[in-house]
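Heads up, the thing below is written out as structure tokens.
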Amino acid sequence: MANDKGFTLWFTGLSGAGKTTISKIVEEELRARRSRLEILDGDVVRENLSKGLGFSKEDRDTNIRRIAFVADLLSRNGVPVITAAISPYREIRDEARETMGDRFIEVFVKASVEVCADRDVKGLYAKAFSGEIKEFTGVSDPYEEPLSPEIVLETETETPEESAGRLIALLEERQLIPAAQPA
Ligand code: ADP
């Protein structure tokens, strides 16, 4: 574990784009390589660290700033982190990038609103389109795509395993994770 280098994989993308799914595959792969990893999943954070916050711009920004704060604490102490929250606003993501410097790797988990709505994993898009849920990112609230992320995961055309594999390859290239053990 001593050779772990701290970094933050900052996942951003619409609800249902694949952030949670891909983060779990990356976690398994890193653990297989005896690397640590902490995931700060948006839904999980909203149940504890950010409990009580809503979806106004102010509350969303507070939520993301808290996630960035914890990701910075962990990653500067050598713990790899994945944050998996929508993080819709470019300005706040850029703030996190500034805080973490070269430990910050922005990962755009990309899928269109139409595809995410078709998947509708949590049944939220149906409610957003009917107006039952207000301020829903991509439907009735903004999502600002990253302008120059370190990597774009094309989840409409890749499998989750392929996306995770490309991300792992990037980490290997940057020598941020231990090499895979020979079988
Ligand atoms: P998010 O965390 O971004 O809200 P989830 O990971 O919870 O998204 O849901 C994504 C859904 O899309 C899952 O049901 C997953 O099985 C499905 N899916 C289909 N193709 C892909 C892909 N290439 N990458 C990630 N998820 C995919």
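Just so we're clear, the structure is a prediction, and the values are computed from it rather than from any experiment. Basis for what follows: all heavy atoms, side chains included, without hydrogens, waters or symmetry-related copies. Ligands are counted one by one from 1 in listed order, and the atoms in each one are counted from 1 as well.
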Quick test of your reading of the model: are Lys24 and Glu28 salt-bridged, counting only N-O distances below 4.0 Å? no
How would you list all residue pairs meeting salt bridge (charged side-chain N to carboxylate O under 4.0 Å, His left out) that involve residues 39-49, not counting sequence neighbours? Asp43-Lys122
Test the Lys127-Phe136 pair against the cation-pi criterion, namely NZ or CZ under 6.0 angstrom from the six-membered ring centroid and within 45° of the ring axis. no
Are Thr83 and Thr8 packed together at the side-chain level, in the sense that at least one heavy-atom pair is separated by less than 4.5 angstrom? yes
Determine, using the 4.5 Å side-chain heavy-atom cutoff (strictly less than), whether Leu40 and Val79 are members of one ILVMFWY cluster.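 Looking at the clustering, Val79 is in the same group as Leu40.
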Between atom CG of Asp61 and atom CZ of Arg65, what is the distance when rounded to the nearest 0.5 Å?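 If I round to the nearest 0.5 Å, the distance is 5.0 Å.
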Might you list the protein residues in contact with ligand 1, defined as having a heavy atom under 4.0 Å from one of its atoms, sorted by chain and number? Leu14, Ser15, Gly16, Ala17, Gly18, Lys19, Thr20, Thr21, Ile22, Arg119, Val121, Lys122, Thr155, Glu158, Thr159, Pro160
